[in-house]
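Remarks on the structure that follows.
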Amino acid sequence: MPKLENHIFLISADAELYTLLKSTCSYAHWTVFERGRGAIELLFNNPPDLLIVDSRMPDLQGMELIRIFKSENVYRQVPVVICLDREEVAAGPDLAAIEVDDFLVKPLDVDESRLRLELIMARASWELDANPLTKLPGNTSIIHKIQDMLDRKLEFALAYADLDNFKSFNDKYGFSRGDEVLMMTARVIVNTIRAFAGMESFVGHVGGDDFVFIVPPDKAESVCAMLVQNFDSIVPNFYDPQDLKQGGIHSSTRDGRASFFPLMAISIAVIFNRNGELTHYGEASEKAMNLKSVAKKEPGSSYVLDRRQPSG
């Protein structure tokens, strides 16, 4: 049985379809949109655990909406189901081409639909190591992505980012507020990269306040500069007025000593794979982590680019 907090997003103007589907997964949280175009921005900002799309909608065909959603690399892990008429099934649509995970046939058989939806969500949890908070790809996906690009000798910029003074914020305000900061950080990274790099990008969440992203080499500095600007403009909103006025938090260090921690900042280290310089994920990761220690020495949000050229 899928977890109770599953969020299912249905895009359909068919009220009967929604009633039948909800009866199959009454334990889930449902969000329903009758029109495709109005749903797209919400999908990108708050991706669901499962997306169900009616093939026939008033403004945008279901397959076209799915194609738009799946074209964004960071959302390709969200399972998508399309609801087809029997006539459409008979026509033999190429569902693999738009990366549909499964389909349901209208009119629905309730018992069959329940089993298939539960299996789809279970399969997604088995196959995907997405971070449960941000829904971004986790460690396994990150390693596979980087190694695949290295094996194909692609040129790319690999960035490791984390938050400075996040622990003191968590200690002062609690994990729930800390989780809000992590979700905000994930959205800022994804949306900033979408604006610059589009489909050529990748974003992963290693865990905690550690993130990874990949962009084309020529976009790396622009992405980092905008990411720092966007993060710094939003993070003050998470502090109480008194802490914001004094520019940080009075808290304790790990060994119990009283200390003052400035407002959270983001530190980014970027390495480049050019001319096949890197060959293994571990090598790339080690270089990036070493460089990040340089970025964290700078006060406030900062980024460091490894501008060294490969030898030879």
Are [X] and [Y] side-chain neighbours, meaning at least one heavy-atom pair lies under 4.5 Å?
X      : Y      : answer
Arg35  : Pro58  : yes
Pro48  : Leu43  : yes
His205 : Val212 : no
Leu17  : Leu108 : yes
Ile249 : Tyr173 : yes
Gln147 : Arg152 : no

Kindly check if the number of other-residue, nucleotide or ligand heavy atoms within 6.0 Å of CD (Glu286) is above 12?
->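 Result for CD/Glu286: open.
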
Closest approach of [X] and [Y], non-hydrogen atoms and distance?
X      : Y      : value
Asp59  : Arg37  : OD2-N, 3.1 Å
Cys224 : Tyr303 : CB-CG, 3.5 Å
Leu278 : Asn273 : N-OD1, 2.9 Å
Phe272 : Ala220 : CE2-CB, 3.9 Å
Leu244 : Pro236 : CD1-CB, 3.6 Å
Ala284 : Ile271 : O-CD1, 3.2 Å

Going by the ring pair (Phe, Tyr, Trp, His ring centres under 6.0 Å) test, name the single residue among Tyr239, Phe261, Phe175 that passes it with Phe169.
->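 When Tyr239, Phe261, Phe175 are each tested with Phe169, the ring pair (Phe, Tyr, Trp, His ring centres under 6.0 Å) holds only for Tyr239.
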
Mind checking whether [X] and [Y] sit in one hydrophobic cluster, side chains of I, L, V, M, F, W, Y counted as touching below 4.5 Å?
X      : Y      : answer
Val190 : Ile234 : yes
Leu115 : Leu20  : no
Leu154 : Ile146 : yes

[X] side, atom [atom1]; [Y] side, atom [atom2] - distance, nearest 0.5 Å:
X      : Y      : atom1 : atom2 : value
Gln229 : Ser301 : CD    : OG    : 11.0 Å
Leu21  : Ile52  : CG    : CD1   : 5.0 Å
Leu117 : Leu50  : CG    : CG    : 6.0 Å
Asn131 : Met183 : CG    : CE    : 10.5 Å

Restricting to pairs with a member in residues 78-89, which pass salt bridge (charged side-chain N to carboxylate O under 4.0 Å, His left out), not counting sequence neighbours?
-> Arg56-Asp85, Arg56-Glu88, Asp85-Lys106

The complete set of salt bridge (charged side-chain N to carboxylate O under 4.0 Å, His left out) pairs with one or both residues in residues 12-30, sequence neighbours excluded, reads none

Option passing side chain to side chain donor-acceptor pair (under 3.5 Å) with Lys167 (candidates Asn165, Asp171, Asp164) | Asp171

Ionic contact status for [Y] with [X], cut-off 4.0 Å:
X      : Y      : result
Lys245 : Asp240 : no
Asp210 : Lys292 : yes
Arg177 : Glu180 : no
Asp111 : Arg114 : yes

Just by distance, do the side chain of Ser302 and the backbone of Ser267 share a donor-acceptor pair under 3.5 Å?
->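 Checking the backbone N and O of Ser267 against the side chain of Ser302, no donor-acceptor pair under 3.5 Å is found.
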
Say whether, by atom type as modelled, one donor and one acceptor occur between the side chain of Asp49 and the main chain of His7 under 3.5 angstrom.
-> yes

With Phe231 via ring-ring contact (aromatic ring centres under 6.0 Å, His included) - residues at least two apart = none

Criterion side chain to side chain contact (heavy atoms under 4.5 Å, CB included) against Leu84, the qualifying member of Val100, Leu104, Val89, Val105 = Val89

Indicate whether the side chain of Ser285 and that of Tyr160 have a donor and an acceptor atom separated by less than 3.5 Å.
->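 Distance-only check passes for Ser285 and Tyr160.
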
Mark yes or no: Arg116 above the aromatic ring of Phe103, with NZ or CZ under 6.0 Å from the six-membered ring centre and no more than 45 degrees from the axis.
->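 Yes, Arg116 and Phe103 form such a contact.
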
